[in-house]
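Just below is one structure, and these are the notes that go with it.
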2 protein chains.
Amino acid sequence: MAKFTHANSCNTCPYKDYALTKLQTNDVDLIQNSCLIVNFKKGENVCKQGTEVTHALYLAKGSVKLYIEGKNKNLILKIITQSKYIGLQSLFGDRIYQYTITTLEDSQICMINANIILDLAKKNVDYLFELTRNISESTNFVYKKIIDINQKQLRGRLADVLLHFSENVFKSDTFELKLTRKELAEYSAMSMENTVRILNEYKKDGIIGIEGKIFTIKQPDILRKVAELG
Amino acid sequence: MAKFTHANSCNTCPYKDYALTKLQTNDVDLIQNSCLIVNFKKGENVCKQGTEVTHALYLAKGSVKLYIEGKNKNLILKIITQSKYIGLQSLFGDRIYQYTITTLEDSQICMINANIILDLAKKNVDYLFELTRNISESTNFVYKKIIDINQKQLRGRLADVLLHFSENVFKSDTFELKLTRKELAEYSAMSMENTVRILNEYKKDGIIGIEGKIFTIKQPDILRKVAELG
DNA sequence: TTATAACATTGATGCATATCAATGTTTTAT
DNA sequence: ATAAAACATTGATATGCATCAATGTTATAA
């Protein structure tokens, strides 16, 4: 794994999480003392499905994919970008990672001893409340994902995914997607070949523009209609 | 909706949840004062997808299905049996139900004003901690579900579901499943026709026994193999 | 700098699964 | 008690999608 440094300024960190504001200064110090800032290079595993949860993971900088490794194929559940906890529910659940997390670009992850976080959570209800809110939102997101996979077919799913990136993740009509076609396929729960096929279909129809990894949503209304009709 | 009574003995209730043991007696009284015990008949909606979350729901007695309503078909995410909170993450998330919950038999649901639970959670960290653990486990369960749907095919999925009922839900080789074939299909994310077909396939092969809604797992090892191979 | 692997693209083929259809059975409601 | 609706079953058909195959392109490593 990559090189790391000790955290030394959690309170003034520009990537600080909102939940931290719920803690007293000396409690933040507790976190800071345990916190290792680890530099991951693109493509490295941050945690591995099936292993024990020993640390809370906070993505300070960069982006990662959270995915379940299957026998033949993977399923990417979430793309997470900076200043977010990743995989909080594993701290409170059965303490075994149900998924693997891999960086999509060079990233900085804060790793804090799980028991320290749990102890703090047990002592600071406002802090725990924020974490719980976070986990709940995450659960709701997965509910939406599962229903997309179950109910829509390829074109609808891909339209959904493109809109999601445009509207929720990058908040722009044009965005650079740090995913390969294969990863985009794993995120949309379809084969890589069909992902390519449908993307180019949308491009030919003038609904989107593609220039390598730069995507442009040209006709969001049509895309929305496709997403809706499934 | 059905008739209801006011709760009057939460502390000594035989269906009491473990999380309640984390509260002081007078805090339990707060819950008790707000708690309505509502009697639902089989097939009634306990909450409805798209509506606002106003109450915490606790399934004291009976059983329910939690499902997402799609355009053509539904997807049952969980079957919940007695003495369990249902849909806790909706209290802490965006306060809109992402799913509908319907009773599978006559059931008693305790409905407690959402804000009272949230206030208690904000004051009793041990209580909140139990709720959070609950939500986290629920998230992990959905992760498993999503991967089953995505990675396995019909026979494997159905084998999985049957084993799950036998091993986790009813903890017995023989069990009465309070689901119609259609609901079993919605739980396994497949068509009703194929559910029937494969069930009878398993029956012919002597892997399971079916007598109406009574299922017997006769050869769990074979079933496990089918589940594994997908 | 070159070799090797991963990525991207397009077409052809096969299969798993949903859908349609027909018919009998069991609930549910009046 | 009877009608209507939901449930259950089995077979035939259609199709959406993955898989296979072939080929070009771009990263990555030695």
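Each chain gets a letter, A, B and so on, in the order the sequences are listed, and its residues count up from 1.
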(request) Find out whether B:K178 and B:K213 are in side-chain contact, i.e. whether some heavy atom of one side chain is under 4.5 Å from a heavy atom of the other. (result) no

(request) Taking all non-hydrogen atoms of both residues into account, name the closest pair between A:K42 and A:L104 and its distance. (result) CG-O, 3.5 Å

(message) If the cut-off is 4.0 Å, is A:K213 near the phosphate of C:dA8, judged by side-chain N/O to OP1 or OP2?
(response) yes

(request) Rounded off to whole Å, could you give me the CD1-to-C1' distance for the A:I210 and C:dC7 pair? (result) 15 Å

(request) Using whole Å, report how far NZ of A:K71 lies from P of D:dT19. (result) 13 Å

(message) I need the CG-P distance between B:N72 and C:dT19, as an integer number of Å.
(response) 7 Å

(request) Grab the NZ-P distance between B:K152 and C:dT17 for me, whole Å please. (result) 13 Å

(request) Hey, which sits more toward the 5' end of DNA chain C by its nearest nucleotide, B:R155 or A:K182? (result) A:K182

(request) Please determine if a side-chain N or O atom of B:N194 lies less than 4.0 Å away from the OP1 or OP2 oxygen of C:dT17. (result) no

(message) For the residue pair B:K145 and B:Y187, would you count it as a cation-pi contact if the rule is NZ or CZ under 6.0 angstrom from the ring centre and within 45 degrees of the ring axis?
(response) yes

(message) With a 3.5 Å cut-off and heavy atoms only, can you find an N or O donor on one side and an acceptor on the other between the side chain of B:R197 and the base of C:dT19?
(response) yes

(message) Looking only at the side chains, is there a donor atom on one of A:E105 and A:S63 sitting less than 3.5 Å from an acceptor on the other?
(response) yes

(message) Nearest heavy atom decides the nucleotide; on that basis, is B:R157 or B:K42 closer to the 5' end of DNA chain C?
(response) B:R157

(message) Any N or O donor-acceptor pair under 3.5 Å from the base of D:dC17 to the side chain of A:E193?
(response) no

(request) Name the nucleic acid region contacted by A:M192, choosing base, sugar-phosphate or nothing; use a 4.0 angstrom heavy-atom cut-off, strictly under. (result) base

(message) Would you compute the distance between atom CZ of A:F170 and atom OG1 of A:T81 and round it to the nearest 0.5 angstrom?
(response) 7.5 Å

(request) Measure from the side chain of A:R181, starting at C-beta and using heavy atoms only, and say which of D:dT9, C:dA16, C:dT9 lies closest. (result) C:dT9

(message) Nearest to the A:L154 side chain among C:dA18, D:dA18, C:dA8, which nucleotide is it?
(response) D:dA18

(request) To the nearest Å, give me how far apart CD1 (A:I198) and P (C:dT9) are. (result) 13 Å

(message) Of the listed nucleotides (D:dA8, D:dA18, C:dT9), which one gets closest to any side-chain atom of A:V196?
(response) C:dT9

(request) Have a look at B:S191 and say if it touches a base, only the backbone sugar-phosphate, or nothing, with a 4.0 Å heavy-atom cut-off. (result) base

(request) Identify which nucleotide among C:dT10, D:dC17, D:dT28 has an atom closest to any side-chain atom of A:N200, counting heavy atoms from C-beta outward. (result) C:dT10

(message) Nearest whole Å is fine: how far is C:dA8 C1' from A:E201 CD?
(response) 17 Å

(request) Rounded to the nearest angstrom, tell me the gap between atom NZ in A:K41 and atom P in D:dT28. (result) 11 Å

(message) Output the rounded distance in Å from CD (B:Q153) to C1' (D:dT19).
(response) 13 Å

